[in-house]
Structure formats: structure tokens, C-alpha cells
Amino acid sequence: MVNMTGDLLLAVDDATTNGNEEESVLTAATTANTTFPTKILDAEEDSTAIVLPTANNASAASINERLNKAIANDNSEKNRSPDLVGLAADFDHMRKQLRGLIAACKKYHETSAQTDTSKTEIISFMAKLADGSPLHDDIGKANNSDSLVHIQSSAAKKAKDNVIEFQKKVLDYAIEWESIVTSRADVELKKCKKLETDQEHYEGKVEKLREEVNKLETAGKKPGNAKLEKLARNEEKLKASFKVHEAAANKACVLLEQIVQHGWKDLYHMVKATVNCEKHRVDGEAATFAEMKEALDRMAVIHSATKKA
């Protein structure tokens, strides 16, 4: 018997082993108020029962709800265990891309925070250099709400809110998404592996018993009732184990197809959140630029007057 599920689990394990850098990104990106499962559920447990404690429960719930609905609505009775290997490769590729996306989001998140801090430092040093000069009022005067220092201080608060919004609605969502699909896929695949092992166990017993019966019949001897009953009993167990294994394999196939082929539905929410975050950031920067332009215009008048003098 071809070990389809075993090959699939090896593919998933290889992705984890070869993705140490990506895993460190996921760990570093997890914030103090964002927690994820520390253990994969046992094979006997059902992935539809997974509830992940997250910072973005509404988004996580929508992903789980979509997957659960697709599994519940599937009425296929095909024997799909041979399909698992191909679907495993698709899932492995998709998960690598998702982890790459998380790494990029984390880099953007850190860079944004650093950029806003640097802007504040730049204005602060400019204010120190302008102290005692004609530009002081418009750059760094403490009680002037129109000075660059005050404008940047207000902008920094908005920028901090933007960074937090990006983390919660984009970065945390991506981390949750990866955690959900990995946890659920692992549960179903481990379940299939266990059931496949059970099936192989009964295949071995039935094969051995049939050989013993055939050997007796070939020798012209009649097999005892106990042996025939044992053979019949194990054949029934083999049929039952095959049926249960194929049902689990079908469920795993549906899950992996939903994760990979219909993952764009989960991606849409992330794209929408990203665009909204960028809009908020750009709108805030445009307002800040308008205020700074007014301050610059006032300084231009001072500078021109000084040149004429």
C-alpha cells in the first residue's frame, strides 16, 4: 500500500524544518497581547473544534467559519486518499508564500515605526539649531502650536496609531491566518496517518490469515471454524477501517482545497485592511504636510526679507 499520508506529513515537516528563518519571524512578530496555540491537537480530535485565542477574533472566526461550512457541505463519497500528496505540495507552497508575506509585513511594521521616530528626531535637532534665530518661532517655539515641533508631535501620535492599526488589522491577521491553516491541516493529516496505520494493521492480519487458510485448503485440509471466523471478523474490520480512513482523507482533501484554492477569500480581508491602513496614513501625512507648508511659507518670507536687508 502506498503511504500517501506519510508522504504528506513528511512534506509538511520538511516545510517546517527548512523554514527556521520564517518561523523566527512569526515568533518575533507575536506581540504580548497576541497568543497562539502552543500544541497541535491530538489526531483523534477534530480540526473543526479548533478555537484559536487571537487578537483579531472576528477575522479568525471568519476563516474558521468558512472552512467549517465547506467541510459540512461536502457530500462527496469518492476515495480521495491518493489526492493527498498533490494537495500537500500545493499547501506547502501556499504556506511558504503566506510566511513570506508575514515577514514582509513585519519588516514594514518595524520600518514604519523607525521612520516616524526618525522624523521626530530630525525636527528636534532642527529646533535646536534654530534656537535664537529668526526661524525659531516657526520651527521650535514651545508655545507656538503652528511650529514644526508641535506639528510633528501631533503627526507622531497619529503615526503611532497607524502603526498599531497596521499591526492589529494586517500583521496579526496574517499571523492568525497562518496559524489557523497550519493547525487545522496538521490535525487532519495526523488523523489520516493514524487511520492509515490501523488499515495497514488489518491488511496485514487478513493477508496472513488468508495465507494460512489457503495453505490448509491446498493441503486438502479443512480450516477450523475458529480460523474462518477470525478471518471473517478481520475482513470486516479491514472494510470498516478502509471506510473510516477514506472518510478522513476526503475531509482532509476538502480542507486543503479550501485553504489553498479558496484562500483568496481570506486574502481579500487582509488586502482591504492594508489599503485602509495606507489611506489613513497618507491622509494624515497630507494634513501634516499642509501645516508644515504654511510654516515653511512664513519662514520663506523671513528669509527673503533678510536677504533684501
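Note that these values count all heavy atoms, side chains included, but never hydrogens, waters or copies made by symmetry.
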Report yes or no: do [X] and [Y] belong to one cluster of Ile/Leu/Val/Met/Phe/Trp/Tyr joined by side chain heavy-atom distances under 4.5 Å?
X      : Y      : result
Phe289 : Leu296 : no
Ile151 : Val282 : no
Ile164 : Leu171 : no
Ile302 : Ile123 : no
Leu195 : Val85  : no

Practice prompt. Please confirm whether Lys128 makes a cation-pi placement over Phe125, using NZ or CZ under 6.0 Å from the six-membered ring centre and within 45° of the ring normal.
Written response: yes
State, with a plain yes or no, whether a side-chain heavy atom of [X] is found less than 4.5 Å away from one of [Y].
X      : Y      : answer
Leu231 : Glu212 : no
Leu216 : Val213 : no
Leu98  : Met270 : no
Phe91  : Val181 : yes
Phe242 : Asn79  : yes
Ser183 : Asp186 : no
Lys237 : Lys205 : no
Leu256 : Asp90  : no

Do [Y] and [X] meet the salt-bridge criterion of a basic N to acidic O distance under 4.0 Å?
X      : Y      : answer
Glu110 : Lys106 : yes
Glu285 : Lys119 : yes
Glu278 : Arg281 : yes

Roughly how far, to the nearest 0.5 Å, is the [atom2] atom of [Y] from the [atom1] atom of [X]?
X      : Y      : atom1 : atom2 : answer
Gln167 : Ser112 : CD    : OG    : 11.5 Å
Leu209 : Glu207 : CG    : CD    : 10.5 Å
Asp172 : Ile102 : CG    : CD1   : 10.0 Å

Worksheet item: So, Asn234 and Arg210: side-chain donor and acceptor under 3.5 Å apart, yes or no?
Response: no
Worksheet item: Is it the case that more than 12 heavy atoms not belonging to Met292 sit under 6.0 Å from its CE atom?
Response: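 Atom CE in Met292 is packed in, count exceeds 12.
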Worksheet item: Hey, is NE2 on His93 packed in by over 12 heavy atoms from elsewhere, all under 6.0 Å?
Response: no
So, the side chain of [X] versus the backbone of [Y]: is there a donor-acceptor pair under 3.5 Å, distance only?
X      : Y      : result
Ser179 : Ile175 : no
Glu246 : Ser81  : yes
Arg66  : Gln258 : yes
Thr197 : Lys193 : yes
Thr111 : Lys107 : yes
Tyr173 : Asp266 : yes

Discussion item. Filter on side chain to side chain donor-acceptor pair (under 3.5 Å), then keep only pairs touching residues 131-147, sequence neighbours left out; what's left?
Written reply: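 Checked against side chain to side chain donor-acceptor pair (under 3.5 Å) - neighbours excluded - the pairs reaching residues 131-147 are Asp138-Arg298.
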Discussion item. Tell me which pairs pass side chain to side chain donor-acceptor pair (under 3.5 Å) where either residue lies in residues 154-164, with sequence neighbours left out.
Written reply: none
Practice prompt. Tell me, with the steps shown, if Met299 and Ile139 meet side chain to side chain contact (heavy atoms under 4.5 Å, CB included).
Written response: CA-CA 9 Å; Met299 286 184 274; Ile139 296 180; 3.5 Å; yes
